Number of protein chains: 2
Amino acid sequence: MPTIKDVAKYANVSVATVSRVLNKKGYVSKEAEENVLKAIADLNYKPNSVARSLYHKTSKMIGLLIPDISNPFFPELARAVEDVALTYGYTVVICNTDEDIRKEAQYLEALQQKYIDGLILTTNQLSADNYENLGIPLVALDRQFSNRVPTVSSKNYEGARQATEYLIENGSEFIAHIRGPYHVKPADDRYQGFKDVVEEQGIAHIVVDCDFTMASAMEVTEGLFEKYSTIDAVFASSDIIAAGVLKVAKNINKRIPEDLQIIGFDGIPLGEMLTPALTTVAQPIYKMGALSARLLIKQIEKEPLDLINYEVKTTIQYRETTRSDT
Amino acid sequence: MPTIKDVAKYANVSVATVSRVLNKKGYVSKEAEENVLKAIADLNYKPNSVARSLYHKTSKMIGLLIPDISNPFFPELARAVEDVALTYGYTVVICNTDEDIRKEAQYLEALQQKYIDGLILTTNQLSADNYENLGIPLVALDRQFSNRVPTVSSKNYEGARQATEYLIENGSEFIAHIRGPYHVKPADDRYQGFKDVVEEQGIAHIVVDCDFTMASAMEVTEGLFEKYSTIDAVFASSDIIAAGVLKVAKNINKRIPEDLQIIGFDGIPLGEMLTPALTTVAQPIYKMGALSARLLIKQIEKEPLDLINYEVKTTIQYRETTRSDT
DNA sequence: CTGAAAGCGCTTACAG
DNA sequence: CTGAAAGCGCTTACAG
């Protein structure tokens with residue numbers, strides 16, 4: 001690999017001059033510039049980004065902390081982040097934390113040592129300080145942990161309200177909500193939306209706790225149906241949970257949506273592959289990822305942000321696990 | 001962030017001495033070592049990996065080139081690579097190439113400029129030279145493009161044979177194979193396995209082409225069933241294709257598995273979420289990813305490899321889209 | 001056992 | 001407009 005010295009020698013100028021044409025910065029005579037450009041082309045020279053990093057203390061890399069890329073919600077998000085990053089010349093490093101505080105800390109340290117330029121967080125086991133002390137731009141995606149950090153999330157509360165109202169409009173009279181983990185903001189908000197609607201309208205309901213995994217959902221659902229056989233609708237806090245509910249419901253021969261309506265949350269591709277296809281409150285996942293990346297890069301490049309809190313709208317995807325309300 | 005200089009000053013030694021204790025290399029007196037260690041602890045010093053990179057021309061980063069992380073086959077693979085990498089202190093950079101030659105070239109260049117230590121390839125649009133000229137260790141995963149490059153793949157041919165034999169044992173007499181793209185080695189091998197079995201046994205069959213996407217699978221399947229209504233089994237080249245077949249078959253009210261048996265290939269989690277749950281030839285996806293990472297790191301660290309070609313076994317996951325053969 | 005010095009490949013004041 | 005020099009934070013011969 002040729003270095004800037006080789007280019008300088010070949011073009012009969014100093015390395016400073018080569019650097020100037022590389023960075024289009026400072027005065028360079030037409031002639032010198034041409035020679036340098038020719039040298040670069042002839043030698044197929046590429047500036048070494050590690051050396052640049054060392055000087056600038058930046059890396060053109062951004063980090064993306066997620067719980068687990070195997071969870072189907074995240075690949076699309078990651079994909080969006082990467083697409084935008086690539087456009088602006090950034091490389092993204094995806095870190096699976098498993099919501100484990102030690103893994104998170106380990107990654108944070110590794111990223112910092114690499115002069116990472118910014119970080120998108122969809123998980124936060126550490127305290128806000130730990131992230132802010134990194135001294136780099138941050139974006140909180142689908143989470144919220146500090147009002148100084150720009151945040152992208154969807155209208156979880158409103159989406160949950162709509163889902164619940166829709167179940168009620170379609171005639172359900174005893175609705176279960178299978179909620180996600182406590183202190184995970186989206187799960188809390190969805191729960192709150194559900195609760196407010198059923199209480200306002202005086203609808204019989206029950207809430208049970210669950211992880212965002214299908215195994216956990218199936219276990220919880222089995223217990224639920226055993227105890228409360230008259231449940232006629234389930235609002236699940238995620239599509240993965242809804243898939244578990246659906247599986248169990250079919251196993252015990254509930255007719256869907258006649259006996260039981262199910263509505264999920266997220267809008268991952270899995271939903272439409274199921275039979276019956278899953279009705280769900282869809283988040284614009286790709287858009288959220290792309291927006292986060294954009295916000296992060298704006299901060300890195302010292303551009304002003306219009307807003308600090310971005311809330312995107314959800315849309316109900318009407319499919320086959322709910323009855324039509326017409 | 002403190003630097004090695006700060007540590008040296010604090011410990012009253014030279015930076016060379018600090019470096020020696022950092023790298024456990026060269027002679028350092030007990031006393032000096034203790035002072036340095038204390039200084040490191042007191043200042044919370046972390047060596048800067050960019051500076052190390054510049055000197056060593058290595059980065060403790062490995063690249064993973066995949067077509068698209070949104071394709072459900074890859075997250076698990078990526079996850080495995082990352083888990084192993086983390087264990088050995090490497091960071092992985094995932095690159096979505098969309099099988100696009102220009103994106104691939106762009107990533108290759110970016111990775112090279114960052115002194116990436118090695119590369120795992122699940123896609124190869126460029127010629128083998130382009131990768132080998134990088135001068136870094138490589139592993140080909142689920143692809144094969146040069147006999148100098150260590151390769152990890154599953155026994156696609158054998159798996160396909162087993163799948164086909166299983167359908168025949170269960171009484172199918174007219175079997176369709178929906179094959180993946182040409183010149184993608186796994187797709188070719190699966191096709192060959194299918195073809196050999198049906199020809200050996202004299203079974204009526206038909207082969208149609210398809211992409212590894214559900215949309216493409218649905219389109220192809222619709223045409224197929226229209227033309228050949230007596231098809232009584234489908235061997236799909238991937239689970240995503242199989243999911244598309246299943247969807248279409250249910251739409252036109254085929255009973256599964258009574259009227260139509262379906263078997264996929266891959267063993268992605270989606271398969272068991274479907275109803276009926278998909279019978280499939282499962283690859284040990286996580287294991288393949290982990291093995292690739294291990295092989296790559298062995299090469300990076302100049303350890304000898306036992307083999308150059310690793311072929312892992314597939315296993316049929318008997319689920320609900322095939323009839324039992326007992 | 002230890003430090004001064006050169007070097008990894010770049011960038012940018014500074015002087016001319 | 002241009003080059004010599006210092007510096008980014010490390011590592012490693014080299015000399016002592």
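These values consider heavy atoms only, across backbone and side chains, with no hydrogens, waters or symmetry-generated copies. In this text, all values refer to a predicted model and were calculated from it rather than measured experimentally.
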Between B:D117 and B:K60, does at least one N-O distance fall below 4.0 Å, as a salt bridge requires? no

Distance check needed: D:dG3 P versus A:Y27 OH, whole Å only. 17 Å

Is a salt bridge present between A:E301 and A:R294, judged by a nitrogen-to-oxygen distance below 4.0 Å? no

The side chain of A:R20 lies closest to which of these nucleotides: C:dC10, C:dA13, D:dG9? C:dA13

Given DNA chain C, 5'-ward residue of the pair B:A51 and A:V15, judged by closest heavy atom: B:A51

D:dG7 versus C:dA4 - spacing of their P atoms, nearest Å: 16 Å

Return the nearest nucleotide to the side chain of B:A16; candidates are D:dC8, D:dT12, D:dG3. D:dT12

What nucleotide among C:dT11, C:dT2, D:dC10 has an atom nearest to a side-chain atom of A:H56? C:dT11

Is it true that A:E99 and A:R143 make a salt bridge, defined as a side-chain N closer than 4.0 Å to a carboxylate O? yes

Calculate, to the nearest 0.5 Å, the distance between atoms CD and CD1 belonging to B:E82 and A:I94 respectively. 8.0 Å

Among D:dT11, D:dC8, D:dG3, the nucleotide that comes nearest once only the side chain of A:T17 is considered: D:dG3

Taking atom types as modelled and ignoring hydrogens, do the side chains of A:S70 and A:D68 form a donor-acceptor contact shorter than 3.5 angstrom? yes

Considering just the side-chain nitrogens and oxygens of B:T3, establish if one lies under 4.0 Å of OP1 or OP2 belonging to D:dG9. no

Sugar-phosphate, base or nothing in reach of B:S19, heavy atoms under 4.0 Å: base

Under 4.0 Å: is that the gap between some side-chain N or O of A:K25 and OP1 or OP2 of C:dT11? no

Among D:dC10, D:dT12, D:dT2, the one nearest any side-chain atom of A:A32 is D:dT2

Among D:dC8, C:dC8, C:dC1, the one nearest B:K57 by side-chain distance: C:dC8

Tell me which of A:N23 and B:G26 sits closer to the 5' end of DNA chain C, going by the nucleotide each one is nearest to. B:G26

Mind checking A:V13 for me? I need base, sugar-phosphate or nothing, with any heavy atom below 4.0 Å counting as a touch. sugar-phosphate

When you check the phosphate oxygens OP1 and OP2 of D:dC10, does a side-chain N or O of B:Y45 lie under 4.0 Å from one of them? yes

Which one, C:dC10, D:dT11, D:dG3, comes nearest to the side chain of A:R52? C:dC10

Nucleotide opposite D:dA15 in a Watson-Crick or G-U pair, distances under 3.5 Å: C:dT2

If you look at every strand shown and take non-hydrogen atoms under 4.0 Å, does A:K30 touch a base, only sugar-phosphate, or nothing? nothing

Check the distance between D:dC10's C1' and B:Y115's OH and give it to me in whole angstrom. 14 Å

Compare side-chain N and O positions of A:N48 against OP1 and OP2 of C:dC8 and report whether any pair is under 4.0 Å apart. no

